[in-house]
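Since the structure comes first, as structure tokens, the remarks are kept for the end.
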Protein chains: 2
Amino acid sequence: MSPAPEDATPERLRAIPSRLLAGAATAADRLVNERLAAEGARKWHFAVLVALDETGPASQAELSRRTGVYRSDMVAVLNELADAGFLVRDPDPVDRRRNVITLTPAGRARLHHLDALVTTAQQDLLAPLAPAERAELTRLLTLLNAHHRPPHGGGHA
Amino acid sequence: MSPAPEDATPERLRAIPSRLLAGAATAADRLVNERLAAEGARKWHFAVLVALDETGPASQAELSRRTGVYRSDMVAVLNELADAGFLVRDPDPVDRRRNVITLTPAGRARLHHLDALVTTAQQDLLAPLAPAERAELTRLLTLLNAHHRPPHGGGHA
DNA sequence: CTAACTTCATTAGTGCGACGAACGTTTATG
DNA sequence: CATAAACGTTCGTCGCACTAATGAAGTTAG
């Protein structure tokens, strides 16, 4: 037979870093989202919960900066988390433009649960790599992110 | 003063591979798209042109497999490329379900042009890495893609 | 040969993530 | 005090990944 399992992505395309990154990111996102979706969560829910747990109550704008979620999109995320009782949104008495977002005990429990899911998803993602390779990949990606993420507003011009 | 360059993404978030991948992929895509958009192109245009140049005329379904572009989305991409005169879409005489997509001379020229843009975009993307690191990153990403890309339809199985 | 299955091109539509524009409110600054 | 800036919010855009459904054209099985 050999009916030609013509999968053959051209070598020229295969070797392109931006394409490799896009593919890996898609696979990674799918893995994480599958796991989280099973619990009715998405990755920003997790990101916001982590940010709150790590640095304490914060305004929405600050959460946005910490997590990388856009201010516009943050609103919906917080609505969902608040509706589920994982955090509370109170007006800030010292600056009435702001809301103070605070994690609830239920939110902290939720975080621990989602944390486990995300952690195993990372392990599955990196399964084909040896421990040293995982560390190296993480290091290289961190370099790329740092370089192409001027600490705000596109920096370089 | 230290007016608080409160950038601080929590360490717990920073260290997550799937997040690093997403960030790097976004930066990479932005770089490539910026360059291509200046010429009225998008990354799929480039991918399709490469596939045609590399392996010759093909049906749309085959191009879809080669480039990773969904069949549904391929239609629009080919329309745009055909409208610009970079390729022609002819009915396949031996299998009248198919269209044979063929690169025109103008398409080949376009490809060479876009190729230059994409190449420099890759260099800019990997600028913060040493040559050996670039190779290593590419290798690791290739491993991830291979592992999480069971030759088709996502399902693997 | 006919019926059932599959492939192909195409259209339309979903969901999500990234992002911009604008508005009203509130706080800072000149 | 006037003006600018930041905040929360709503609405809308664009691109990508992906599903569903349809009509036409091949393929396979009885």
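Chain naming here is simple, since letters A, B, ... match the order of the sequence lines and numbering starts at 1 in each.
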### Message
So, applying side-chain contact (heavy atoms from CB on, under 4.5 Å) with A:Arg108, which one of A:Leu87, A:Asp53, A:Leu49, A:Leu52 is it?
### Response
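Passing option: A:Asp53.
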### Query
Do A:Glu80 and A:Arg42 meet the salt-bridge criterion of a basic N to acidic O distance under 4.0 Å?
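The answer is yes: the pair qualifies as a salt bridge.
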### Query
Salt bridge or not for B:Arg98 and B:Glu62, using N-O below 4.0 Å?
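B:Glu62 and B:Arg98: not salt-bridged.
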Within this structure, what is the [atom1]-to-[atom2] distance between [X] and [N], rounded to whole angstrom?
| X | N | atom1 | atom2 | value |
| --- | --- | --- | --- | --- |
| B:Met74 | D:dC18 | CE | P | 14 Å |
| A:Asp92 | C:dT26 | CG | C1' | 12 Å |
| B:Asn99 | D:dA25 | CG | C1' | 12 Å |
| A:Arg71 | C:dA18 | CZ | P | 16 Å |
| B:Asn33 | C:dC19 | CG | C1' | 13 Å |
| B:Glu80 | D:dC14 | CD | P | 13 Å |
| B:Arg97 | D:dT27 | CZ | P | 6 Å |
| B:Arg98 | D:dG26 | CZ | C1' | 9 Å |

Which nucleotide, [options], lies nearest any side-chain atom of [X]?
| X | options | answer |
| --- | --- | --- |
| A:Thr26 | C:dC8, D:dA17, C:dC19 | D:dA17 |
| A:Trp44 | D:dC16, C:dG17, C:dT6 | C:dG17 |
| A:Arg96 | C:dT27, D:dC18, D:dC16 | C:dT27 |
| A:Ser72 | D:dT19, D:dC11, D:dC7 | D:dC11 |

### Query
Can you tell me if A:Thr104 uses its side chain to pair, donor with acceptor, with the backbone of A:Gly85 under 3.5 Å?
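Looks like yes, one N/O pair under 3.5 Å.
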#### Entry: Donor on one side chain, acceptor on other, B:Arg134 and B:Gln122, under 3.5 Å
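On atom types as modelled, these side chains do not qualify, holding no pair under 3.5 Å.
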[N], OP1 or OP2 - any side-chain N/O from [X] closer than 4.0 Å?
| X | N | result |
| --- | --- | --- |
| B:Asn79 | C:dA9 | no |
| A:Tyr70 | C:dG20 | yes |
| B:Arg42 | D:dC16 | yes |
| A:Arg65 | D:dC7 | yes |

### Query
Taking N and O atoms by type only, does the side chain of B:Asp73 place a donor or acceptor under 3.5 Å from a partner on the base of D:dC18?
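Indeed, a donor on one side and an acceptor on the other fall under 3.5 Å apart.
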### Query
Closer to the 5' end of DNA chain C via nearest nucleotide, is it B:Arg30 or B:Ala58?
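Nearer the 5' end of the strand: B:Ala58.
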